[in-house]
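What follows is a set of notes on a single structure, which appears directly below.
Computed over heavy atoms, backbone and side chain alike; hydrogens, waters and symmetry mates excluded. Just so it is clear, the model here is predicted, and its values are computed rather than measured. The sequence lines fix the lettering, A, B, ..., with proteins before strands; numbering per chain opens at 1.
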Protein chains: 2
Amino acid sequence: MRLVIARCSVDYAGRLTAHLPMAPRLVLVKADNSVSVHADDRAYKPLNWMSPPCTLKEEETEDGGRVWTVVNKTGEKLIITMEEVLHDSSHELGVDPGLIKDGVEAHLQELLADRMETLGEGWTLIRREYPTAIGPVDILGRDADGGTVAVEIKRRGEIDGVEQLTRYLELLNRDPHLAPVQGLFAAQEIKPQARTLATDRGIRCVTLDYDALRGIEDDKLRLF
Amino acid sequence: MRLVIARCSVDYAGRLTAHLPMAPRLVLVKADNSVSVHADDRAYKPLNWMSPPCTLKEEETEDGGRVWTVVNKTGEKLIITMEEVLHDSSHELGVDPGLIKDGVEAHLQELLADRMETLGEGWTLIRREYPTAIGPVDILGRDADGGTVAVEIKRRGEIDGVEQLTRYLELLNRDPHLAPVQGLFAAQEIKPQARTLATDRGIRCVTLDYDALRGIEDDKLRLF
DNA sequence: GACTTGATGTCGGTC
DNA sequence: GACCGACGTCAAGTC
């Protein structure tokens, strides 16, 4: 990893065209040749960057400045012109052991599949990731009356998720072996507009409590 | 801006729970106190981070190690435990003059509104950002026969954009003063599945040539 | 390689 | 502050 602090201007031409006037910034070069240009604000988003795989060409100008040209396969180009270099250091970091996460949508799905009765008395699981032509339905289940239910799970329920579930329902209900299929939108938090749209389409909304679900799961583990 | 290279482990508890085992990494602290922890790959996304506004507390352990605790208002917490510090430097960057962009959707919209005939002989503009209860329609126009057309503009046309336009059309067609309203999906690039869905719903698709539109505009400017 | 979906998305504008 | 849509979204998984 190489850290350069320099007064620089930046030009990007690719998916859009962008320009940064001359100013002091951090230029970060990683082991995979990716480059990012940071100002002293915004948690982590750089002002400009080039994702790997890409190539970095360094040139020196007559007056001691530097010009870096970063190019990727699709022809996107990032040009960094450095007027004055204030710091330049390189560091060997090695490969990172990687991040361990807990609490993402996949976990919600696992927990809910294991506790279908959270959704309603007597509900059972048909299967998780039920495959369809337009992608897998998060959970396909059965309610107490034997009716089929398609469940879409989100951490945060927004309009997109309702649209997604609607497409699944439309498709599933064309299958005479399955129809009628009810829809259920389950999320830790459901935005008002998403709830309105879902309700308008006859889709039931349920908010999930991750900690409670995990607690139930822990209780189960303690029992067996 | 402060740059620290250190062997560290990281724990995050907030919107999810995450852990990073001890390894050498870059810890970046910006002027707004935001912190990000980078490995030596992935263009700009850190392994872990805390967005501003947040507070950073530094402590030293008996064996010369450091523990940083970063907390934000909503109670999210990031704990960085440094076993060995390999580099530590601070740099004054000042406020960045900011990025100048060109070629985004807004610009496409301006160009197209100014050249409605690109969409069809005799087409005219009613207005840009036509307001509706569920958000503004990019362009509302009139075709050669006087029929109303709602235009949704995207840089890249995907399914989401078709769904969005469909919602607008549904709403607009409930208004007897406007109905019938045709739909037109215009983008620099239209994904096959989006095109299929649009066509299936009777929405016409048009791919836009940004350079050509800008060229036409330049010609116009030269004339007047 | 195209397509889909999730994300600690982030960011900016509006109400 | 909530909500909503755009993003050079990115990144991972599937087909």
A/R156 vs C/dT5: side-chain N/O to OP1/OP2 distance below 4.0 Å: no
Touch class at under 4.0 angstrom, heavy-atom based, for A/N48 against every strand present: base
Whole-angstrom distance between D/dG5 and C/dT8, as gauged at atom P: 22 Å
Integer angstrom distance from the P of C/dA7 to that of D/dC7: 22 Å
Length of the OH-C1' vector between B/Y44 and C/dT10, whole Å: 8 Å
Residue whose closest nucleotide on DNA chain C lies nearer the 5' end, A/A43 versus A/V104: A/V104
Nearest to side-chain heavy atoms of B/E152, which nucleotide of D/dA6, C/dT5, D/dG8: D/dA6
Closest to side chain of A/M50, choosing from D/dA11, C/dA7, D/dG8: D/dG8
Residue mapping more 5' on DNA chain D - nearest nucleotide basis, A/E189 or B/K45: A/E189
Whole angstrom value for the distance that separates C1' of C/dT5 from CG of A/L165: 14 Å
Pair A/E129 + A/R127, salt bridge at N-O below 4.0 Å: no
Side chain of A/E105 - closest among C/dG6, C/dT10, D/dC3: C/dG6
For atom CD1 of A/I134 and atom C1' of C/dC3, their distance in whole Å: 13 Å
Donor + acceptor pair across side chains of B/Q109, B/R128 (<3.5 Å): yes
Whole-Å distance separating the CD atom of A/E163 from the P atom of C/dT4: 15 Å
Side-chain N or O of A/K154 closer than 4.0 Å to phosphate OP1/OP2 of C/dG6: yes
Spacing of A/H107 atom NE2 relative to C/dG6 atom P, expressed in whole Å: 15 Å
A/R201 and A/E163 ion-paired at < 4.0 Å: yes
salt_bridge(A/E189, A/K154) N-O dist < 4.0 Å: no
Sugar-phosphate only, base, or nothing, as touched by A/I159 at under 4.0 Å among non-hydrogen atoms: nothing
Interatomic distance where CZ belongs to A/R42 and C1' belongs to C/dT10 [whole Å]: 10 Å
Residue-phosphate contact under 4.0 Å: A/K101 side-chain N/O, C/dT8 OP1/OP2: yes
Along DNA chain D (nearest heavy atom to each residue), the more 5'-positioned of A/P52 and A/E158: A/E158
Sugar-phosphate only, base, or nothing, as touched by B/Y168 at under 4.0 Å among non-hydrogen atoms: nothing
Touch class at under 4.0 angstrom, heavy-atom based, for A/P192 against every strand present: sugar-phosphate
Any B/R15 side-chain nitrogen or oxygen under 4.0 Å from OP1 or OP2 of C/dT10: yes
Interatomic distance where CD belongs to B/Q109 and P belongs to D/dG5 [whole Å]: 15 Å
For atom CG of B/L197 and atom C1' of C/dC3, their distance in whole Å: 14 Å
Touch class at under 4.0 angstrom, heavy-atom based, for A/Y12 against every strand present: base
Close side-chain approach of B/T196 and B/T199, heavy atoms under 4.5 Å: no
Salt-bridge contact A/E58-A/R66 (side-chain N to carboxylate O under 4.0 Å): no
Presence of A/Q164 side-chain N/O under 4.0 Å of C/dT5 phosphate oxygens OP1/OP2: yes
